[in-house]
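Keep in mind that the numbers below use all heavy atoms, side chains included, and drop hydrogens, waters and symmetry copies.
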Amino acid sequence: MAALVDQLVAQVIGLEVGLLSCQARLAAVTDDEALHDLRTTVRRLRSLLRPLRGLPGVEQLEQAASAVGQLTTPFRDREVLAAYLHQHGHHEAAERRMRQQPATYRSVAQGPELAQLLLILEAFPRFIRASQRQKLLKGLRTRIEKRLAKQWKKLGEALHDPNHDRHRLRLLIKRVRYAAEAYPELDKLPPKAVSRLKAAQGALGDWHDCWQWLAQAGHEPDLQPCVSGWHRTMAEAEGQADRVLDKLSADCFA
C-alpha cells in the first residue's frame, strides 16, 4: 500500500507542475496549445481523484478542478471552432473568434478558479500522507479496483442499451480511458480496450463537434456557410462512431 500512496503523491505533484507550466504559458500567451494542455491536465487530475472519493481533501479538490473545467470549456470550444474555420477557408469568421483568445488566456491564468485549484492541489499530498499515518488508507488498492470495475461495467451496460445516448457514452468512454491512464497497474482492461476506447472517443468527438456547431449556427450567422457540410460530416461521424462502438462492444464486452 505504501508504494501505491507514493505513486499517488508523485502523480499529484507532477500534475501540479504541469498546471503551473500551463498557467505561465497562458499568462504570457506563448502558444495556442496551452489551454488544451491545461484542460488535459485537469482531466487527468479528475480521473485520478474519482476512485479516491471519500478520502480527506478529495471533495474540495474535485470541486476546484470541476470549476476550472467549466470555466474553460466554452473557451476551448471557440478555439476548436476557429481552427476548423481557418482550415476550411473561413478566415474572417475564424479571426473574429481568435481575437478574443489572448485576453481569455490571461483571464484564465490570473482567475480565481485556477488559483483555488493550485492552492488546494499544493496541500493535497499532505492530506494523503496524514491519511496514511492515521490508517485511513487501508484497503485503498481494493477500493480503487472496485471503482474502476464499476466504471467499466457502466460503460458495458450503456453499450448494450439499444437506445444508447451518444453524449453519455462519450463521457463514460473518456472516464474509463483516463482512469486507465491514471491507474495502469490497477485497471484490468481487456487487451484491445485502450485502442478501441481511443478510436471510439475520436469518432464520438467528431460527431459532438458537428452537433455543437450546428446548434451555434442557429444564432451565429457567419457559420451558415458551414451548415450543410456539418450535416454531412455529422451523418458520417454517426456511422463511424456506431461501427467503432460495435467493435468495442464485440472485443471487450462479448
Side-chain angles (χ1 to χ4, degrees), residues 1-73 75-76 79 104-133 136-137 140-141 143-145 147-148 151 170-187 189 194 197-198 201 205:
M1 195 268 288
L4 178 57
V5 175
D6 289 346
Q7 290 172 18
L8 278 174
V9 170
Q11 283 206 64
V12 168
I13 293 172
L15 291 166
E16 181 188 4
V17 171
L19 286 175
L20 287 167
S21 172
C22 291
Q23 183 186 41
R25 290 161 60 198
L26 286 166
V29 195
T30 60
D31 61 277
D32 57 6
E33 287 297 313
L35 185 65
H36 171 65
D37 291 346
L38 174 78
R39 287 175 53 78
T40 299
T41 306
V42 169
R43 191 180 299 122
R44 286 175 177 158
L45 174 61
R46 296 181 74 180
S47 297
L48 187 72
L49 294 173
R50 191 169 282 108
L52 305 178
R53 285 175 178 169
L55 295 178
V58 170
E59 182 180 356
Q60 295 91 331
L61 189 49
E62 275 201 299
Q63 288 175 350
S66 176
V68 172
Q70 290 175 4
L71 170 72
T72 56
T73 292
F75 304 148
R76 176 57 182 166
E79 207 170 49
T104 293
Y105 296 154
R106 287 188 286 266
S107 71
V108 171
Q110 299 161 5
E113 295 85 357
L114 184 53
Q116 178 74 358
L117 174 57
L118 287 167
L119 183 68
I120 299 173
L121 189 57
E122 182 184 16
F124 190 64
R126 296 197 292 276
F127 280 98
I128 296 177
R129 293 301 188 192
S131 298
Q132 185 180 19
R133 288 193 299 272
L136 298 177
L137 301 185
L140 180 61
R141 182 178 295 271
R143 176 208 293 254
I144 294 172
E145 287 175 342
R147 294 192 175 179
L148 295 176
Q151 287 185 180
R170 180 170 167 266
L171 175 61
L172 291 172
I173 287 169
K174 288 169 73 172
R175 283 183 179 175
V176 168
R177 184 183 166 204
Y178 295 127
E181 292 178 359
Y183 297 99
E185 74 285 359
L186 299 182
D187 212 340
L189 298 182
V194 173
L197 288 168
K198 186 175 181 179
Q201 185 179 333

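Across all their heavy atoms, G205 and R170 have their closest contact at CA-NE, 4.0 Å. In terms of heavy atoms, V176 sits closest to Q151 at CG2-O, 3.8 Å.
Looking at L114 and L38, their side chains come closer than 4.5 Å, going by heavy atoms from C-beta outward. In this structure, L118 and E122 have side chains that are not in contact, with every pair of non-hydrogen atoms separated by 4.5 Å or more. With contacts defined as side-chain heavy-atom distances shorter than 4.5 Å, the pair L61/L117 qualifies.
The distance from atom CG of L148 to atom OH of Y183, rounded to the nearest 0.5 Å, is 7.5 Å. Residue R50 holds its CZ atom at 6.5 Å from CD of E62, rounded to the nearest 0.5 Å. To the nearest 0.5 Å, the span separating CG on L121 from CD on Q60 amounts to 13.0 Å. We find the OG-CG distance between S66 and L49 to be 11.5 Å, quoted to the nearest 0.5 Å.
Shown here is Q7, whose CD atom has more than 12 heavy atoms of other residues, nucleotides or ligands within 6.0 Å.
E79 and Y105 share a side-chain donor-acceptor pair at under 3.5 Å.
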### Message
Between E113 and T72, does the side-chain contact (heavy atoms from CB on, under 4.5 Å) criterion hold? Intermediate values first, please.
### Response
CA-CA 10 Å; E113 295 85 357; T72 56; over 6 Å; no
### Full working for side-chain contact (heavy atoms from CB on, under 4.5 Å) between L8 and L52
CA-CA 10 Å; L8 278 174; L52 305 178; 4.1 Å; yes
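Take R147 and apply the side-chain contact (heavy atoms from CB on, under 4.5 Å) test, not counting sequence neighbours, and it matches P51, R53, R143. Scored by the side-chain contact (heavy atoms from CB on, under 4.5 Å) test, Q201 finds I173, K174, R177, Y178 as partners (sequence neighbours excluded). Applying the side-chain hydrogen bond (donor to acceptor under 3.5 Å, both in side chains) rule to T104 yields the partners R78; only residues at least two apart in sequence or on another chain are considered. Residues satisfying the side-chain contact (heavy atoms from CB on, under 4.5 Å) criterion with A109, sequence neighbours excluded, are Q23, L26, A27.
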Show me the donor-acceptor pairs within less than 3.5 Å that the side chains of residues 124-131 make with the rest of the protein, sequence neighbours left out.
residue: R129; atom: NH1; partner: D6; partner atom: OD1; Å: 3.0
residue: R129; atom: NH1; partner: Q132; partner atom: OE1; Å: 3.1
residue: R129; atom: NH2; partner: D6; partner atom: OD1; Å: 3.0
residue: S131; atom: OG; partner: F127; partner atom: O; Å: 2.9

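Sorted by first and then second residue, the salt bridge (charged side-chain N to carboxylate O under 4.0 Å, His left out) pairs involving residues 29-43 (not counting sequence neighbours) are R25-D31, R25-D37.
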